[in-house]
Amino acid sequence: MHVTVERTDCTEFTTPLLAVNLFQGEAEPEGPVASLDEKLGGEIRRLLERGDFRGREGETAVLYPRDEAIFAERVLLVGLGKREELDAERLRRAAATAVKGAAKLRLSRLASIMHHAEMGTEELTPHRAAQSAAEGAVLAAYRYTETKSDPEDPDEKPVAVEAFSLLEKIEDKARILEQGVTVGAALARGENLSRELGNLPGNVATPTYLAETAERIARDTGMKATILGRSELEAEGMKALLAVAQGTDEEPKLIVLEHRGGSEGERPLVLVGKGLTFDAGGISIKPSQSMELMKFDMCGGAAVLGAMQAVGELGVPANVIGVVPASENLLSGSAMKPGDVIGSHLGKTIEVINTDAEGRLILADALSYVRRFDPRAVIDVATLTGACGIALGKHALGLMGNDEGLIDEIRGAGDRSGERAWPLPMFQEYRKQIDSDYADIKNSGGRPAGTITAGWFLREFVGDFPWAHLDIAGVAWGDGDLSYQSKGATGIPTRLFLEWLLARA
Ligand code: BES
Ligand code: MN
Ligand code: ZN
């Protein structure tokens, strides 16, 4: 999907579909929509008067202009909801609704206007409005097809929407919109890569496949990729990651991508993502019901790779490092067992109470590994605990950390991206739930506050730098409820990461 800005009036642009957003409950078209309506002979106004289109969020209507009235073959009205509720998320959803409307009409191109960009509130600048529309459009165009055959009947084949043009004839405005579009499209393409990696089955998206994807990103963007396989991991002393990987034949990997966009010697911002490509639970095996969903257990790692691609594409002016510990968690005669005491990269010993609490083991080693970069800040992300999905459901990421300033920054980035994170308390009292009688720490604190004790476990392996942890167990995949989503992996928090990095850079 290509998003562009065209310097023209919306009535003069040749397109199969012109999408126009309208607020809820406003009978009188305004500004550019008023002049469009005039050329349409008052059709929009009549539709509004009859009450056939009310502008509620997600509502759509198609108009067919008479020949030569305008250059668009169709006009798609898209409801924006109430004017006072307008925000970036509404624009994201409206652009997505327009793209899905085009797909439904079997059209591969559409255009739209950014008339609300005029409003220029502090949060919703024209730049931000264009960015949001580009995000919504590119995200909505994503479909998973990789492991499906084409339908026999070509009419059954969904149409790929390939071009979305924002129309703006005033040069200064067009240039600002263009900058917003560049950012939004890159963020959404990164998020779509995360989704694709998440959606690919576990027999395709193996640790090796994730490593090859990282190498491809490095080639495309000029980053440095470092991949550690089993023998390098042994030499490095990544004992907790290797303990998880000892139950599978699939080679584990530690994937490191380094983007040097800042000055030399500037301390890097580091992203760490859980890349558990299939989680059967190990000897503490999971129930088979819905176990197939555990292919999504690498979505944290996928978000880091998607974010690194966007970082490279945009040339973010900061040093940014992405790290993905990747493994399967299976069962075999060589698998770790409950009660085993294992080592770790940091040196602490860990009693494995539950082999299904494996994410924190591989992340512990990755968090210890990144000390060598002397990070300015580290954020890790993981589908870490089912408990987080119970606590916060589908609408928020669990957020913890050792630095209030960083936690606030992440909440801000979450609000801007629509990938909202909400803090959970790391009270010291929770820490003793992971005291062990046989090791320095144990890997499960039981059911109470399972998300927080997992956070505490990670914290025990964090060096002397600001750190935050995002638990995405509730949000990493879904039914495609929002207009810019589709069933399967969401790609969250790829765009949150970029919002944070861009604010920091
Ligand atoms: N990958 C799972 C967490 C998960 C569960 C994510 C459901 C998404 C949906 C993780 O490795 C896990 O199994 N966690 C255990 C921890 C427990 C054994 C302490 C859990 O949440 O039950
Ligand atoms: Mn598990
Ligand atoms: Zn897991």
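Please read all numbers here as calculations on a predicted model, not as lab measurements. Throughout, numbering of the chain's residues begins at 1 and tracks the sequence. Both counts, for ligands and for their atoms, begin at 1 and track the order of listing.
Within the 6.0 Å centre-distance limit, the rings of Trp477 and Phe296 are counted as a close aromatic pair.
The shortest N or O to N or O distance between Glu358 and ligand 1 is below 3.5 Å. Taking only nitrogen or oxygen atoms, main chain and side chain alike, Asp279 reaches within less than 3.5 Å of ligand 1. Residue Asp297 has at least one N or O atom closer than 3.5 Å to an N or O atom of ligand 1. The shortest N or O to N or O distance between Thr383 and ligand 1 is under 3.5 Å. Among the atoms of Met294, none of the N or O lies under 3.5 angstrom from an N or O of ligand 1. The shortest N or O to N or O distance between Asp356 and ligand 1 is below 3.5 Å.
A salt bridge links Glu358 with Lys274; the closest basic N to acidic carboxylate O contact falls under 4.0 Å. A salt bridge is absent between Arg411 and Asp415: the closest approach of a Lys/Arg side-chain nitrogen to an acidic carboxylate oxygen does not fall below 4.0 angstrom.
Using a 4.0 Å cut-off between heavy atoms, Arg360 contacts ligand 1 through its side chain alone, with no backbone atom that close. Neither the backbone nor the side chain of Phe278 comes within 4.0 Å of ligand 1, counting heavy atoms alone.
Asp297 has its closest N, O or S atom to the Zn ion (ligand 3) at the position named OD2. When the N, O or S atoms of Glu358 are ranked by distance to the Zn ion (ligand 3), OE2 comes first. Nearest N/O/S atom of Asp279 relative to the Mn ion (ligand 2): this is OD2. Looking at Glu358 and the Mn ion (ligand 2) together, the shortest N, O or S contact belongs to OE1.
Atoms of ligand 1 found under 4.0 Å from any heavy atom of Asn354 (numbered from 1 in listed order, with element): 18 (C). Shown in contact with Lys274 at under 4.0 Å from a heavy atom are these atoms of ligand 1, numbered in order with element: 1 (N), 10 (C), 11 (O).
Within the 4.0 angstrom cut-off, atom 22 (O) of ligand 1 has no protein heavy-atom neighbours.
Here the CG-CE distance, from Leu254 to Met238, works out to 4.5 Å after rounding to the nearest 0.5 Å.
In this structure, Lys239 places its NZ atom where only 12 or fewer heavy-atom neighbours from other residues, nucleotides or ligands lie under 6.0 Å away.
Considering the Zn ion (ligand 3) as centre, the angle to NZ of Lys274 and to OD2 of Asp279 is 180° (10° rounding).
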